[in-house]
Amino acid sequence: MVNITFPDQSVRKYEDGITGMDIAKSISNSLAREVLSISVNGEIRDLTRPIYEDAEIRLHKWDDDEAKHAFWHSSAHLMAEAIEALYPGTKFGIGPSIENGFYYDVDPGDDVVITDADLPKIEKKMKELAARKSRYTREEISKKNALSLFGKKGDEYKTELINDLEDGTISLYSHGNFTDLCRGPHLPDTSPIKAIKLLNVAGAYWRGDEKRKQLTRIYGITFPKQSLLEEFLERIEKAKQRDHRKIGKELELFTFSQKVGQGLPLWLPKGAQLRERLENFLKNVQKQHGYEPVITPHIGLKELYVTSGHYEKYGKDSFQPISTPQEGEEFLLKPMNCPHHCEIYKSKPHSYRELPVRMAEFGTVYRYEQSGELHGLTRVRGFTQDDAHIFCRPDQLKEEFIKVIDIIHHIFNALDFKDYTTQVSLRDKEDHSKYIGNDENWEKAEQAILEAVEEKGLKTNVEYGEAAFYGPKLDFMVRDAIGRKWQLGTIQVDYNLPERFDLEYIGADNQKHRPIMIHRAPFGSMERFVAVLIEHTGGKFPIWLTPDQVVVLPVSEKYHDYAEKVSNLLNNYDIRTLIDERSEKVGKKIRDNELKRIPYLLIVGEKEKESGTVSVRRQGKGDKGVMKLDDFATLISQEVDNQLKFIDTI
RNA sequence: GCCGAUGUAGCUCAGUUGGUCAGAGCAGCUGAUUUGUAAUCAGCAGGCCGGGGGUUCGAAUCCCUUCAUCGGCUCCA
C-alpha cells in the first residue's frame, strides 16, 4: 500500500502501483473526466503512470499550467503524427509545449516545403487522429536501443539528442502510429484534444544555432473545448487592435519611409509631442535626483569605439565608418553614448568627494540591426536612449543602485505600469573567464544588486550566466494591460569602460582609484517605450501626456465663436484644446474624435452659449452632463494636477 | 542574415482559371446641409497594381530578380 497525501493534507491509502487516473476516479467521476495530469512529489507525470511510493500529489485540471503543459505536449505529438502521415519520411527535431500552445520543429525533406496554406490540411488530419482516442503509452528504453531505433528511421536529430542523454533516463512515448523520444508527461489519450488551431510556420535553426540547418517550425494551440479556442483567438484579435504600428498610424504618431531607410522612425507632430512630454517628465525626475544633463554628438572617431571595445565586437556587423577628405580619418555613427560620457568624465580630474557624478543624455544612437529583426518602434536602427551614466566609488555602488531603482519604480508607477518584475543577471557560477574585472569587485557588485533588490522588495528572479561580459545587471519587465510582458528599463554595472578609458579619481588616501560606472535607462529607448505605452493603453494615454486633451464640438457654425471662447479659456489654463469646426453633425464629430482617443469632448450649442456651460463627454464613458465652463476648467486642471502631483510624490 | 507569407489609391480591402480589371468604402477636395451625444447628401479628384527584367498577341494575375512589410529563428553593446 502507498500513502497518498492530497493538497489539503488529507492522506489516503491505495494499492501499490495505483495510477493518478485511478485516484481521480476514486474521488469522483467528474474529476476523472476533467483531470489531465498529476504532480507526484512535485514532478509532473502521466495520469496512467503507476505510483509505487508514498507521495504528495496534486491532480491538475485544465486551469493549471501543469495540465496545459501535458495537454499541449501531447498535442505536439499528435501534430507530429499527422505530419508523418501526410509527409512520410519527415524527420523530427523537438516539439515542446510553450506559454500558449506548442510547436514542433520538423524537416520534411529538402524538396518539400510546408507553408501556411498546408496548415488546414494538417489540422484536419490531427482532428481525425485525435478522434481515434489513441492512448499515449510510455516505455523506458536503453540508450543503445534508442539509438538503433531512431538510427533505423534515419532521424539524425533524434539520435543527436539521444547521444546527449544519460543512459537509463531515456523514455519513449507512443500513440497511434507515432513514437517519439520524450520525457513526457502526456495525456492518457488523445480524446480531450477537441479544438485545434495551427497558427503559423516559421524557420528555426536546429538547436538554435544559425550555423546549422533550418527546420520548419509549426506553431499550434489546442483546447479541450471549442469555446476556449474561440476565446483565445479573440484575445489575439484584441492584441492586434492594440498593435502600436496600427495605432501609431491611426493617431499619426510616427511613420517610416523607405526613402529614409528601414528601421529609421519619423516622429510625426503628435508623436513628437508625446515623446517630448515623456522626456521632460524624466528630465525633471532626474534633476531632482542629482543628474546633470550633457549633450554629445551623433558621431565620434572610430578610435573612440576601438578604445571602448564596441568596434571590435560589433564593428563589422554595423553601420560602416564614415570617411572624410582627410586621409585615414574615420568616424562612426555612435552606437552607444557611454564612450562620449567617459570622455566628459576625463575632461577634468575628480576627487572622491565629488562622486558620484551622474551624467544624463537623451542620446540618439544607431545600430545596424539585422533586417529580419526590425519591428515597428520596438526594434529600430536609430533610436534615442534615456541614457545616464553614474560614476561612483565602490562603496557608493549599492546606494546608487537603489536610487536608480527608485527612479524606475517612480516612472513605472506614474505611467501606470503597476505590475512589473525584475531579473538579476549574474556571472556564470563556474566559468569566470569570459568576464572582465576582478573577482572581488564582481562579488561586491553582485552582492550590492541582490541586496538592493531585497531591500526594495522587488519581485525578481536571478539568472546565472546572463550578465554582460563587463558587469552584472538588473532588468525590468512590465506586464501590460492585457498581460503581455515587455522588457523596459535596465541598470548595468560596468567595470570594463572605466578600465579601457583609464578613468580615475583621487581618493582620501591621495591615491588614484578606478571609479565604477553604472549604465541605466528607465525607458530603455524612447521608441520602444512609446511603443509599449501605446500597446499598454491602447492609445488612451494618461491625460497629462496625451497630445490633445479636449476638443470642442460646436453643434453648428453659429456656435463657432462660443467654441473659440471655450477653447481660448482652456488653452489659457494650459489645457490642450482644439475645435472641430467641420460642417458635420455632432454624431460624426463625436465618433471621429472618440476614435482619435480624445479624453474630453465638449459639445456646445444654443443652451451652452446662453448659460456659459459646456456639455461634457468623457472618452469611452459617454455623456457626463452639462457643466459651467469655469467648473470644467477647474475639473480638468485638477485631474491633470492630480496625476502630476501623484507623479511628483511617488 | 535565415525560413515562410504578403505587397492593388493616404487608410482598409475587392479584383474567379492572364483578355473593358484598374474597383469599393473611409480619408481628401468642391458644393449643398447648420446639424444636440459614435458615420448628412451629392459631385470631383486619387493608383504605371512595390521596383526591375522576362514569358505571351495580351500580365495586377504566370516566371525570375530586387526592395519593403508581416510571422518566426538567430542577434540585441
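Convention: sequence-line order gives letters A, B, ...; per-chain numbering from 1.
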message: Tell me the interatomic distance from A:L199, atom CG, to B:G4, atom C1', rounded to whole angstroms.
response: 15 Å

- request: Would you tell me if any nitrogen or oxygen in the side chain of A:R500 comes within less than 4.0 Å of OP1 or OP2 on B:A77?
  value: no

statement: Between A:E369 and A:Y205, whichever has its closest RNA chain B nucleotide further toward 5' is A:Y205

- prompt: Base, sugar-phosphate, or nothing: which does A:V113 touch, judged by heavy atoms less than 4.0 Å apart?
  reply: sugar-phosphate

Could you tabulate the donor-acceptor pairs under 3.5 Å formed by side-chain atoms of residues 595-607 of chain A, not counting sequence neighbours?
| from | atom 1 | to | atom 2 | distance (Å) |
| --- | --- | --- | --- | --- |
| A:R597 | NE | A:G538 | O | 3.2 |
| A:R597 | NH1 | A:E250 | OE1 | 3.1 |
| A:R597 | NH1 | A:L595 | O | 3.0 |
| A:R597 | NH2 | A:G538 | O | 3.3 |
| A:Y600 | OH | A:E639 | OE1 | 2.6 |
| A:E606 | OE1 | A:Y559 | OH | 2.9 |

- request: Give A:A202 one of three labels, base, sugar-phosphate or nothing, depending on what nucleic acid heavy atoms sit under 4.0 Å from its own.
  value: base

- prompt: What does A:R245 touch in the nucleic acid at a heavy-atom separation under 4.0 angstrom: a base, only the sugar-phosphate, or nothing?
  reply: sugar-phosphate

statement: Here the distance between atom P of B:A68 and atom CG of A:L374, to the nearest Å, is 9 Å

message: Quick check for you: among B:C3, B:A77, B:U35, whose closest atom lies nearest to any side-chain atom of A:S556?
response: B:U35

- request: Taking only the side-chain heavy atoms of A:I590 (C-beta and beyond), determine which of B:A77, B:U37, B:C3 contains the nearest atom.
  value: B:U37

query: Going by atom types only, do A:T296 and A:E361 share a side-chain donor-acceptor pair under 3.5 Å?
result: yes

- request: Sort out the partner of B:A38 for me: Watson-Crick or G-U wobble, both distances under 3.5 Å, none otherwise.
  value: none

task: Consider the side chain of A:E594, meaning its heavy atoms from C-beta on, and name the nucleotide among B:C76, B:A38, B:G4 that approaches it most closely.
output: B:A38

statement: Checking B:U12, B:G36, B:A5 against the side chain of A:T115 (C-beta onward), the nearest is B:A5

message: For a quick test of reading the model: is some side-chain N or O of A:H375 closer than 4.0 Å to OP1 or OP2 of B:G71?
response: yes

message: Quick test of your reading of the model: are A:D105 and A:K213 salt-bridged, counting only N-O distances below 4.0 Å?
response: no

query: Atom CG of A:N100 and atom P of B:G71: how far apart are they, to the nearest Å?
result: 16 Å

message: Strictly below 4.0 Å, N to O, side chains only: are A:R520 and A:D387 in salt-bridge contact?
response: no

query: So what does A:G605 touch, heavy atoms closer than 4.0 Å: a base, only the sugar-phosphate, or nothing?
result: base

field: Closest to the A:P335 side chain, choosing from B:G71, B:G1, B:A77
entry: B:A77

query: What's the CD-P distance between A:E584 and B:A42, to the nearest Å?
result: 13 Å

Sugar-phosphate, base or nothing in reach of A:Y103, heavy atoms under 4.0 Å: nothing

task: Please measure how far the C1' atom in B:C57 lies from the corresponding atom in B:G52, and state the result in whole Å.
output: 23 Å

field: Base B:A68 to side chain A:Q262, donor-acceptor N/O within 3.5 Å cut-off
entry: no

message: Taking 4.0 Å as the cut-off, does a side-chain nitrogen or oxygen of A:K259 come that near to OP1 or OP2 on B:C67?
response: no

task: Please determine, by modelled atom types, if A:Y470 and A:Q492 share a side-chain donor-acceptor pair under 3.5 angstrom.
output: yes

field: Per A:H310 side chain, nearest of listed nucleotides B:A77, B:C73, B:G36
entry: B:A77

task: Please give the nucleotide sitting opposite B:A27 as a Watson-Crick or G-U wobble pair, both distances under 3.5 Å, or none.
output: none

field: Pair A:K346 + A:D502, salt bridge at N-O below 4.0 Å
entry: no

- request: Describe the nucleic acid contact of A:V555 in one word from base, sugar-phosphate, nothing, applying a heavy-atom distance below 4.0 Å.
  value: base

- line: Against the side chain of A:S371, the closest entry in B:A77, B:C11, B:G1 is B:G1

message: Quick check: any donor-acceptor pair below 3.5 Å linking the side-chain of A:S583 to the base of B:U34?
response: no

query: Which is true for A:K589 with a 4.0 Å heavy-atom rule: it touches a base, it touches only sugar-phosphate, or it touches nothing?
result: nothing

A:Q258 (side chain) and B:C67 (base): donor-acceptor pair under 3.5 Å: no

message: What contact category does A:E252 fall into here, base, sugar-phosphate, or nothing, at under 4.0 angstrom with non-hydrogen atoms?
response: nothing

- prompt: OP1, OP2 of B:C73 versus side-chain N and O of A:Y219: anything below 4.0 Å?
  reply: yes

task: Can you tell me, in whole Å, how much space there is between the P of B:U66 and that of B:G4?
output: 14 Å

- request: Taking only the side-chain nitrogens and oxygens of A:K588, find out if one of them lies under 4.0 Å from OP1 or OP2 of B:A27.
  value: yes

query: Taking the chi torsion of B:G46, is it syn (within 90° of 0) or anti (everything else)?
result: syn

C1'-based separation of B:C21 from B:A14 [nearest Å]: 10 Å

Whole-Å P distance, B:G7 and B:C11: 15 Å

- prompt: Hey, does the side chain of A:R207 come within less than 4.0 Å of B:C73's phosphate (OP1/OP2), counting only N and O?
  reply: no

- line: From the candidates B:A5, B:C73, B:A68, the one with an atom nearest any side-chain atom of A:D116 is B:A5

task: Could you state the atom-to-atom distance from CG of A:D107 to P of B:C73 in whole Å?
output: 19 Å

field: N/O (side chain, A:K558) to phosphate O (OP1/OP2, B:U35) under 4.0 Å
entry: yes

query: Is any side-chain heavy atom of A:Y368 less than 4.5 Å from a side-chain heavy atom of A:R381?
result: yes

task: Would you state whether a donor and an acceptor, one from the side chain of A:R217 and one from the base of B:C3, lie under 3.5 Å apart?
output: no

query: Nearest of B:A38, B:G4, B:U35 to any side-chain atom of A:V586?
result: B:U35

field: Upstream residue (5' side of RNA chain B) when A:V626 and A:D243 are each assigned their closest nucleotide
entry: A:V626

query: Using atom P of each nucleotide, how far apart are B:G58 and B:C67 to the nearest Å?
result: 29 Å

- prompt: To the nearest angstrom, how far is A:D118 atom CG from B:G71 atom C1'?
  reply: 16 Å

statement: Hits for salt bridge (Lys or Arg N to Asp or Glu O under 4.0 Å) against A:E156, two or more places apart or cross-chain, chain-then-number order -> A:K91

message: Less than 3.5 Å apart, any donor N or O on the side chain of A:W206 or A:E160 sitting next to an acceptor on the other?
response: yes

field: Between B:A32 (P) and A:R582 (CZ): distance, integer Å
entry: 18 Å

task: Looking at every strand, decide which applies to A:G587 at a 4.0 Å heavy-atom threshold: base, sugar-phosphate, or nothing.
output: sugar-phosphate

- prompt: CZ of A:F469 versus C1' of B:A77: gap in Å, rounded?
  reply: 7 Å

task: For B:G71 versus B:C26, give the span between their C1' atoms, rounded off to a whole number of Å.
output: 28 Å

query: Say you pick atom C1' in B:U69 and the same atom in B:G50; how far apart are they, in whole Å?
result: 10 Å

- prompt: Given that both distances must come in under 3.5 Å, which nucleotide forms a Watson-Crick or G-U wobble pair with B:A5?
  reply: B:U69

Whole-Å P distance, B:U8 and B:C48: 13 Å

task: Please tell me if the side chains of A:K197 and A:L199 come closer than 4.5 Å, counting only heavy atoms from C-beta onward.
output: yes

